[in-house]
Amino acid sequence: SQKIEQNSEALNIQEGKTATLTCNYTNYSPAYLQWYRQDPGRGPVFLLLIRENEKEKRKERLKVTFDTTLKQSLFHITASQPADSATYLCALAAISSGSARQLTFGSGTQLTVLP
Amino acid sequence: EPEVTQTPSHQVTQMGQEVILRCVPISNHLYFYWYRQILGQKVEFLVSFYNNEISEKSEIFDDQFSVERPDGSNFTLKIRSTKLEDSAMYFCASSVLGPYEQYFGPGTRLTVT
């Protein structure tokens, strides 16, 4: 069966350090991998999307890598701040041909940035 | 900045009652979704909607669930006869191009007693 696993339910790091979150998947052939942020009691917020033919994507302090051989994505937040504290979700959609295919989420990694 | 809105923010209902959760997606988006999140668990896909019909649905989305886009702006989720296990946060989402870069609403917390 298809599975998405995000390492460690919780990650604590010191302010200013780089946070690295991992997403592993099995039995998928994703064309895209996405990362979302979720704060308590709120809906997920889209952060970054990376395509299968892209190795790396950056947006401000965020960086995502995608290794389809390892079936893994790494999500980095550099110069982390307490405001980055949230749950980060990895999400996959299988290859689509014009239909609104479903997005499957991992269980998330709760990041706490300590001042 | 445009955003997805959902009403009500909290709905309490008795088991066996019908509930309708409402969403207004972003106006130029073409794809609409419902997800649920049981407290402490992952966000789960329920259904996607495109071109006025259901595009995909999960195993959770059984005959008790239905969706509708009645007037070109609202997108609703109906649960015909609620069960205790339907208690969850329900999120509506919309996107321009398929299941990518989805914009989520703030959610409706459904409590079934």
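Here is how names work: the chains are called A, B, and so on, in the same order as the sequence lines, proteins then strands, and each is numbered from 1.
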Worksheet item: Side chain, backbone, both or neither: which part of Gln37(B) has a non-hydrogen atom closer than 4.5 Å to chain A?
Response: side chain
Worksheet item: Do Leu47(A) and Tyr25(A) belong together in a cluster built from hydrophobic side chains that touch within less than 4.5 Å?
Response: yes
Worksheet item: Side chains of Glu44(B) and Thr104(A): does their closest heavy-atom pair fall under 4.5 Å?
Response: no
Worksheet entry | Heavy-atom contact with chain B under 4.5 Å, split by part of Leu48(A) | neither
Discussion item. With clusters defined by side-chain heavy atoms of hydrophobic residues (ILVMFWY) lying less than 4.5 Å apart, directly or transitively, does Tyr31(B) cluster with Val43(B)?
Written reply: yes
Worksheet entry | Within 6.0 angstrom of Asp62(B) CG, more than 12 heavy atoms from elsewhere | yes
Worksheet item: When rounded to the nearest 0.5 angstrom, what is the spacing between CD in Glu101(B) and OH in Tyr32(A)?
Response: 11.5 Å
Worksheet item: Going through the checks in order, is the side chain to side chain contact (heavy atoms under 4.5 Å, CB included) test met by Gln38(A) and Phe91(B)?
Response: CA-CA 12 Å; Gln38(A) 187 176 29; Phe91(B) 294 108; 3.8 Å; yes
Worksheet entry | Joint cluster assignment, Ile54(B) & Ile79(B), ILVMFWY side-chain distance < 4.5 Å | yes
Worksheet item: So Phe46(A) and Phe104(B), ring pair (Phe, Tyr, Trp, His ring centres under 6.0 Å) or not? Walk me through it.
Response: CA-CA 8 Å; Phe46(A) 172 79; Phe104(B) 283 74; over 10 Å; no
Worksheet entry | Single-linkage hydrophobic cluster, 4.5 Å side-chain cutoff, Leu111(A) and Ile4(A) together | yes
Fill in: Parallel, tilted or perpendicular: ring planes of Tyr35(B) versus Phe105(A), cut at 30 and 60 degrees
perpendicular
Fill in: Pick from Gly43(A), Gly108(A), Gly41(A) with the largest number of heavy-atom pairs that fall under 4.5 Å of chain B
Gly43(A)
Worksheet item: Going only through I, L, V, M, F, W and Y residues with side-chain contacts under 4.5 Å, is there a path from Ile13(A) to Tyr88(A)?
Response: yes
Response to the item:
Note: Leu103(A) and Phe45(B) closest approach over all heavy atoms is O-CB, 3.7 Å
